[in-house]
Amino acid sequence: SWFLLISPRMAGLRGDFSVLLEPLGIVKVLEWIFAGFAFATCGGFQGETTLLVSCKGVVNKTVTAAFAYPFRLNTVEFSAPDPKGCAGTWTDVHLVGNFSFPAQFFVTLGALVFLYCIATLVVYIGYNHVYQQNNKFPLTDLVICVLTAFLWLVSTFVWAKALTDIKMSTEANVIPGIEACKAPGTTCNFVSVTSMGILNLSVVFGLLNAALWGGNVWIVYKDTKLHNQWNRISESP
């Protein structure tokens, strides 16, 4: 959208890195960094839930269910305790829940914002003279900042709720939902689940991104005619 607003007459590239020392540039660099952290910490996660199973002919056999982004847990199956399936008492056992939408919403937003920040920094550095002379740039930037701050807030809260459900679906309370563990002579004990601290960090990065983009709204607003007109009105007798 930025490059469509640059007229051929003003399209000369001028490298001006001083903008990176101003609030407009500093905030954009931080948004770029934290957007990368947000989608990387969520999209790169891999974990597993481990149980200890005893059944007919099998004693304390470790079974695991490996899960990862985009967290379609209902497609994740526990490994069978033995090739014979505990003498026919062990059927296919899956985790519960499909949390792909909130996870993909969060990661996709982070990836798009990451790329958008790169494009915007190119405009700030190479075409800062265009940005300052053409009011369409600050107005477009303002609208995008408002929308992005809102999307970060929504996606983070949706993802945080999904993360809570993912924890519930992969921890010790998964055992009561496993029918095979209720068969006579079969016992299942929860052993462990991969730490989800990095997923907690993704929520923190999401909130930081929402705060950064919210602050960016005010920074960009000061460069628009709306702010200038308000100042003239407030200063007039």
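- Every residue two or more places apart in sequence or in another chain was checked for a ring-ring contact (aromatic ring centres under 6.0 Å, His included) with Phe78, and none qualifies.
- Other residues, nucleotides and ligands contribute only 12 or fewer heavy atoms inside 6.0 Å of the CZ atom of Phe157.
- Ring orientation note: the planes of Phe114 and Phe39 are nearly perpendicular, at an angle over 60° on the 30°/60° scale.
- Side chain of Ser169 to backbone of Val96: a donor-acceptor contact under 3.5 angstrom is found.
- To the nearest 0.5 Å, the span separating CD1 on Ile178 from CG on Leu95 amounts to 7.5 Å.
- Side chains of Ile144 and Tyr116 form a contact here, defined as non-hydrogen atoms less than 4.5 Å apart.
- No donor-acceptor pair closer than 3.5 Å links the side chain of Ser192 to the backbone N or O of Thr50.
- In this structure, Lys182 contributes its side chain and Pro176 its backbone to a donor-acceptor pair below 3.5 Å.
- Met196 places a side-chain heavy atom less than 4.5 Å from the side chain of Phe45.
- In this structure the side chain of Ile26 reaches within 4.5 angstrom of the side chain of Leu30, judged on heavy atoms.
- Judged by distance alone, with hydrogens and angles left aside, the side-chain atoms of Asn216 form no donor-acceptor pair with the main-chain N or O of Leu212 at under 3.5 Å.
- Between Ser202 and Trp159 there is a side-chain heavy-atom pair separated by less than 4.5 Å.
- Taking the six-membered ring where the residue is Trp, Tyr69 and Phe71 present perpendicular rings, their angle passing 60° and hence far from 30°.
- Side chain of Thr49 to main chain of Thr170: a donor-acceptor pair is present (N/O by atom type, distance under 3.5 Å, no hydrogens or angles).
- Residues Tyr221 and Val146 are not in side-chain contact: their nearest non-hydrogen atoms beyond the backbone lie 4.5 Å or more apart.
- Using a 4.5 Å heavy-atom threshold, the side chains of Val217 and Leu142 count as touching.
- Below 30°, between 30° and 60°, or above 60°: for Phe106 and Trp152 the angle between ring planes is above 60°, a perpendicular geometry.
- No close placement of the Phe34 and Trp213 rings is indicated, their centers lying 6.0 Å or farther apart.
- Within a 6.0 Å radius of CZ in Phe105, other residues, nucleotides and ligands contribute more than 12 heavy atoms.
- Side-chain contact between Val220 and Leu24 is present, with heavy atoms from C-beta onward closer than 4.5 Å.
- Between Cys117 and Val113, the closest side-chain pair of non-hydrogen atoms falls below 4.5 Å.
- Residue-environment remark: NZ (Lys84) stays at or below the threshold of 12 foreign heavy atoms within 6.0 Å.
- When the shell of 6.0 Å around NZ of Lys167 is examined, it contains more than 12 heavy atoms from other residues, nucleotides or ligands.
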